[in-house]
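Let me begin by presenting the structure, written as structure tokens, before commenting on it.
Hydrogens, waters and symmetry mates are skipped; everything else that's a heavy atom, side chains included, is used. Order of the sequence lines sets the chain letters (A, B, ...), proteins ahead of strands, with each chain counted from 1.
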Protein chains: 2
Amino acid sequence: MPTIKDVASRAGVAISTVSAVINRSAPVSEEVIQRVEEAIAAIGYLPHGAAKALRSGDSRLIGLILPDITNPFFSTVARVIETVCMRAGYMTFVYNTDEDIDHEMRILKMMRAQRVAGLVLISTRSDAEHGRRLMSEINVPTVLFSSSVPATPYDAVTLDEAMASRIAIEHLAALGHRRIGVLTGRPNVSTHEERLEACVETMRAHGIEPSGDLIVAANFDQAQAFGATKALLALPEPPSAIFAFSNLMMIGMMRAVVASGLSCPRDISLVGIGDFEWPEIMNPQMTVVSMPAAEMAERSIEILLAEIASKRAPTGRRTMFEPRLIIRESTAAPRLSLPA
Amino acid sequence: MPTIKDVASRAGVAISTVSAVINRSAPVSEEVIQRVEEAIAAIGYLPHGAAKALRSGDSRLIGLILPDITNPFFSTVARVIETVCMRAGYMTFVYNTDEDIDHEMRILKMMRAQRVAGLVLISTRSDAEHGRRLMSEINVPTVLFSSSVPATPYDAVTLDEAMASRIAIEHLAALGHRRIGVLTGRPNVSTHEERLEACVETMRAHGIEPSGDLIVAANFDQAQAFGATKALLALPEPPSAIFAFSNLMMIGMMRAVVASGLSCPRDISLVGIGDFEWPEIMNPQMTVVSMPAAEMAERSIEILLAEIASKRAPTGRRTMFEPRLIIRESTAAPRLSLPA
DNA sequence: TGTATTACTCGAAACGTTTCGTGCAAGCGC
DNA sequence: GCGCTTGCACGAAACGTTTCGAGTAATACA
């Protein structure tokens with residue numbers, strides 16, 4: 001591959017002059033610019049990214065760490081971030097953690113080895129201990145996405161998680177449901193904790209005493225949600241509605257309802273957090289709490305790029321977005337309401 | 001950030017010795033290895049990727065270029081490739097072309113600037129002219145995925161496209177369909193060309209003369225498939241079945257059927273190429289020609305890594321995988337068959 | 001007309017590694 | 001006891017850039 005040296009000698013100028021015209025970092029005469037650009041085109045020169053990064057100390061690389069790109073929510077996040085980064089002259093590394101904390105740390109290490117200029121991190125845990133580990137492993141501007149980690153100075157972009165639970169439970173309560181099942185995520189994850197707390201609060205506010213039997217952790221996982229839903233449905237007194245904390249768990253619920261020979265919403269109402277791109281092809285069309293994925297992604301990368309550009313310390317601010325309840329077909333009044 | 005120099009001075013050895021223990025590239029006494037490893041751990045040293053790449057001439061980077069990571073087919077491809085690469089000590093860049101040929105070339109350029117060691121490319125076009133452009137732009141081992149480009153020396157991993165069309169059309173013909181619509185992709189794409197040719201052949205083999213009215217290009221696109229399907233349905237003599245060349249177009253078809261107030265498979269049968277992860281939550285469950293996405297991805301990256309490792313020229317071989325017809329609910333016998 | 005300024009170009013150092021030739025001591029065969 | 005190999009450690013060069021101080025010619029100012 002040709003180097004800047006080849007360009008220089010072909011154009012009959014010094015290496016530093018070529019650099020100046022490429023980066024427009026110093027005044028160069030029109031005539032020399034011409035010659036250099038011709039030389040570049042003629043030999044097909046492309047600056048060597050690693051050499052540039054090494055010398056300038058700026059990798060122009062950004063890392064995105066998320067649970068699973070296969071999840072449509074995360075893939076749209078990735079697309080948005082990639083697009084914005086490219087426009088700003090950054091390339092992106094996208095890596096999957098599979099919600100495995102050790103793997104997350106391993107990926108963080110790889111990113112650090114690449115000297116990424118910044119990180120958007122959808123972390124798998126959000127307790128203080130993990131926060132400390134993160135702090136020791138991360139030495140670049142970082143924004144947390146869809147989770148907030150205490151004891152940590154990073155900016156965060158999240159949903160208003162409490163509101164998400166509240167509008168879902170209120171919808172169900174308004175329909176007349178009293179026995180409401182909840183498929184939650186996993187302890188030490190802020191989305192889990194905050195949504196769960198708001199669920200309980202909202203139920204109590206509506207005179208429903210949350211029952212431990214009906215609130216089950218399903219790890220944000222489709223298969224676990226399937227199993228948990230079947231178990232819930234097999235209870236002597238099954239819930240008349242179930243609320244799930246993720247889009248994948250919603251799918252698990254629906255599969256379980258089908259597999260149990262029941263029908264939604266006739267036998268059971270279903271709501272979840274996270275929308276689907278083509279609701280009309282689903283059976284039934286799901287009532288969901290939808291989150292503005294693209295807007296959130298855009299905001300997070302904007303915050304990150306601003307922090308990188310300004311070289312300012314993070315503010316530790318949390319930017320929240322509002323979820324929206326979309327009522328479709330999967331929720332209805334309970335079939336027969338038992339006397340309270 | 002600490003450098004190898006800091007490690008060296010803390011361990012009381014030369015820089016080259018540190019390098020030798022890190023890379024196990026030369027014999028080092030057990031005692032010195034100890035000291036060096038302690039020093040590394042103590043100061044939290046991580047080799048500088050760009051410096052390594054620059055000096056060694058090996059970026060340990062692999063590029064994956066695909067149409068749209070948001071498409072579940074491609075996101076599973078990306079996951080597989082990322083996983084295999086990481087295991088082999090490579091990092092991956094994943095970029096979306098949006099099926100825009102100029103954007104594809106731009107991304108190729110970025111990849112070249114990063115001096116990626118290899119490329120798996122799901123190209124947007126596959127005519128000879130594009131092949132020539134590719135050849136001039138690509139100077140690293142490359143495997144083409146899901147497309148084959150003539151006049152090009154690259155290895156390719158694809159579906160047996162002819163078989164995909166054949167089994168779909170044969171299924172429809174066996175059910176008794178005579179007026180079969182086809183939603184194709186876009187000219188100059190090998191998946192389009194090969195599938196279309198096989199469609200026509202198979203129809204003729206079954207005594208069905210393909211009609212130009214019923215074969216419409218929808219660009220592999222969901223929205224265009226929606227429109228095309230509505231148009232097909234509004235024909236004076238609408239088809240009794242439609243076959244689409246992609247999973248997204250299948251969704252477009254189903255939406256169009258719903259929007260037209262019709263019912264599948266009662267009023268029309270629908271088949272497509274590409275499966276969905278949770279067919280049972282769809283209405284109706286789709287009959288599809290499924291392709292082994294993960295296996296294909298795995299094979300392609302294996303071929304690429306082998307080519308990189310062996311430093312051998314590509315063989316130009318095409319590895320084909322067999323599609324499989326999965327019959328579910330969206331196909332049935334035509335409602336009333338007109339006399340031929 | 002002399003001097004300060006500007007516009008341009010250049011050469012060399014530096015970024016953090018790997019690689020290679022060299023040196024040195026110990027062990028070996030004869 | 002001598003020369004050879006072997007095992008280990010070292011120093012310096014090189015990878016392809018950017019950056020910076022310095023040099024030169026032309027222009028502007030007084």
Are OP1 or OP2 of D/dT17 and a side-chain N or O of A/S19 less than 4.0 angstrom apart?
no
Whether B/F145 and B/F73 hold their rings parallel, tilted or perpendicular, with breakpoints at 30° and 60°:
tilted
Regarding A/Y90 and A/S59, is there a side-chain donor-to-acceptor distance under 3.5 Å anywhere?
no
Would you please test A/F74 and A/I122 for side chain to side chain contact (heavy atoms under 4.5 Å, CB included) and show each step?
CA-CA 9 Å; A/F74 296 125; A/I122 307 181; 3.8 Å; yes
Give, ordered by number, those residues of residues 35-50 of chain B having at least one heavy-atom distance below 4.0 Å to an atom of DNA chain D; if nothing qualifies, reply none.
none
Rounded off to whole Å, could you give me the CG-to-P distance for the B/D58 and D/dA14 pair?
21 Å
Using a cut-off of strictly less than 4.0 Å, decide whether B/S29 has a side-chain nitrogen or oxygen near OP1 or OP2 of D/dA9.
yes
Atom CD1 of A/I22 and atom P of D/dT19: how far apart are they, to the nearest Å?
12 Å
Rounded to whole angstrom units, what separation is found between the CG atom of A/N23 and the C1' atom of D/dT19?
11 Å
In whole angstrom, what separates B/Q114's CD from D/dT17's P?
12 Å
Starting the side chain at C-beta, find the nucleotide from D/dC10, D/dT19, C/dC10 nearest to A/S56.
D/dT19
Selected nucleotide, minimal atom distance to B/A14 side chain, candidates C/dT9, C/dT18, D/dC10
D/dC10
5'-most contact on DNA chain C: A/T17 or B/A51, nearest heavy atom basis?
A/T17
So which of residues 4-11 of chain A are in contact with DNA chain C, with a heavy-atom cut-off of under 4.0 Å?
none
Distance, rounded to the nearest Å, where A/R24 contributes CZ and D/dT18 contributes C1':
16 Å
CG of B/L54 versus C1' of C/dC15: gap in Å, rounded?
9 Å
Could you please spell out the steps behind the side chain to side chain donor-acceptor pair (under 3.5 Å) verdict for B/R125 and B/N188?
CA-CA 6 Å; B/R125 263 175 56 184; B/N188 291 327; 5.7 Å; no
Nearest to the side chain of B/R55, heavy atoms from C-beta on, is which of C/dG16, D/dC10, D/dT18?
C/dG16
How about B/E104 and B/H130: does a side-chain donor come under 3.5 Å of a side-chain acceptor?
yes
Given the options B/T315, B/T142, B/T319, B/D155 meets side chain to side chain donor-acceptor pair (under 3.5 Å) only with B/T315
Any side-chain N or O of B/S16 under 4.0 Å from OP1/OP2 of D/dG11?
no
Using whole Å, what does the distance between atom P of nucleotide C/dA7 and atom CD of A/E31 come to?
18 Å
Whole-Å distance, B/K52 NZ to D/dT17 P, equals 21 Å
For A/R318, I'd like to know if atom CZ has over 12 heavy atoms of other residues, nucleotides or ligands within 6.0 Å.
yes
